[in-house]
2 protein chains.
Amino acid sequence: MPIDREGKLPLYRQIANELRRDIEAGRYAAGRRLPSENELAAYYEVNRLTIRKGICLLVEEGLCEKVPGRGTFVSEQQAALSARSA
Amino acid sequence: MPIDREGKLPLYRQIANELRRDIEAGRYAAGRRLPSENELAAYYEVNRLTIRKGICLLVEEGLCEKVPGRGTFVSEQQAALSARSA
DNA sequence: AAATATTTGTACGTATGTATG
DNA sequence: GCATACATACGTACAAATATT
């Protein structure tokens, strides 16, 4: 159970950490689409806006890119990085 | 620099005064939408809830009307008033 | 072409917790 | 204790872009 509601870390940061871990572990291939915000919200049992806030951090880090109407995608560079380290 | 954090007036009252001034100065046309709460929060560098509290005063005064999910709009009457005084 | 579904984007509404004066 | 202010989180509604049927 990844998310700790009693923890000190805000949920959206925990979400960001989880997703970052998954990306860096290569669980999402180069340019692949992440699950939709609604799917992630259902999976982690948090509000969709909390997911968005977490993903926003990853976008700022350059790990992800969002495309309106399409989804959120793993940045190519990041995919290359995790492939290299794998 | 409109907002004075050292002043005696609470921030939300200062915000209300600023917005009221802008409306009465005709800077927002009849029925026009104000900047979103988030935009105002960024502009004045205060929390969104502080903006909300300030706008709430204007709504009580009849200067503005809020529409859930759409925004805050200048009341038509008020627009007429400021047009008259202009 | 049209209608529908999916997905991200935006905006207000509400509640709780924390900190400060 | 109370008012002010901020951070977090969820709720709800609708718009815009895209994809599908």
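No experiment lies behind these values; they were computed from the predicted model shown. Below, all heavy atoms of this structure are taken into account, side chains as well, without hydrogens, waters or symmetry copies. Note on naming: letters A, B, ... go to the chains in the order of the sequence lines (proteins, then strands), and numbering restarts at 1 for each one.
Atom CG in L19(B) sits 11.0 Å away from atom CZ in R27(B) (nearest 0.5 Å). The line from CD of E39(B) to OH of Y44(B) is 12.5 Å long, rounded to the nearest 0.5 Å. Summarising the geometry, atom CD1 belonging to I15(A) is positioned 14.0 Å from atom SG belonging to C56(A); distances are rounded to the nearest 0.5 Å.
Following rounding to the nearest Å, E37(B) (CD) and dC12(C) (P) show an atom-to-atom distance of 4 Å. Atom CZ in R48(A) sits about 13 Å away from atom P in dG11(D), given to the nearest Å. Straight-line distance from the CD1 atom of I51(A) to the C1' atom of dG11(D): 15 Å, rounded to whole Å. Atom P of nucleotide dA7(D) and atom CG of N38(B) are separated by 12 Å, given to the nearest angstrom. Taking atom CZ on F73(A) and atom P on dT8(C), their separation rounds to 9 Å, with Å as the unit. Q14(B) places its CD atom 19 Å from the P atom of dA3(D), with the value rounded to the nearest Å. Rounded to an integer number of Å, the gap from CG of N47(B) to C1' of dA9(D) is 13 Å. One can place OH of Y44(B) at 19 Å from C1' of dT4(D), the figure rounded to the nearest angstrom.
Along DNA chain D, the nucleotide closest to K53(A) and the one closest to V67(A) are compared, and the more 5′ of them pairs with K53(A). With DNA chain C read from its 5' end, the first of the two nearest nucleotides for G69(A) and R52(B) is the one closest to G69(A). For L49(A) and P68(A), each mapped to the nucleotide of DNA chain D holding its nearest heavy atom, the one lying further toward the 5' end belongs to L49(A).
Phosphate contact (OP1/OP2 of dT8(D), side-chain N/O of T50(A), threshold under 4.0 Å): absent. For dA13(D), the OP1/OP2 oxygens have no side-chain nitrogen or oxygen of R70(B) closer than 4.0 Å. A close approach under 4.0 Å does not occur between any side-chain nitrogen or oxygen of Y12(A) and OP1 or OP2 of dA9(D). In this structure, R33(B) reaches the dA11(C) phosphate: one of its side-chain N or O atoms is under 4.0 Å from OP1 or OP2.
Salt-bridge annotation for E65(A) and R32(A): absent, with no side-chain N of the basic residue lying under 4.0 Å from a carboxylate O of the acidic one. The pair K53(B)-E37(B) does not count as a salt bridge, with every side-chain nitrogen at least 4.0 angstrom from each carboxylate oxygen.
Ranking dA9(D), dC12(C), dA5(D) by closeness to the T72(B) side chain, first place goes to dC12(C).
The residue R13(B) sits apart from the nucleic acid: no heavy atom pair falls under 4.0 Å.
A 4.5 Å side-chain heavy-atom check between L40(A) and I55(A) finds at least one atom pair inside the cut-off. Here the side chains of L63(B) and R20(B) are in contact, with some heavy-atom distance below 4.5 Å.
In the helix from dA2(C)-dT21(D) to dG21(C)-dC2(D), the end axes, each obtained as the rotation axis mapping the C1' atoms of four pairs onto the next four within a five-pair block, lie 0° apart to the nearest 10 degrees.
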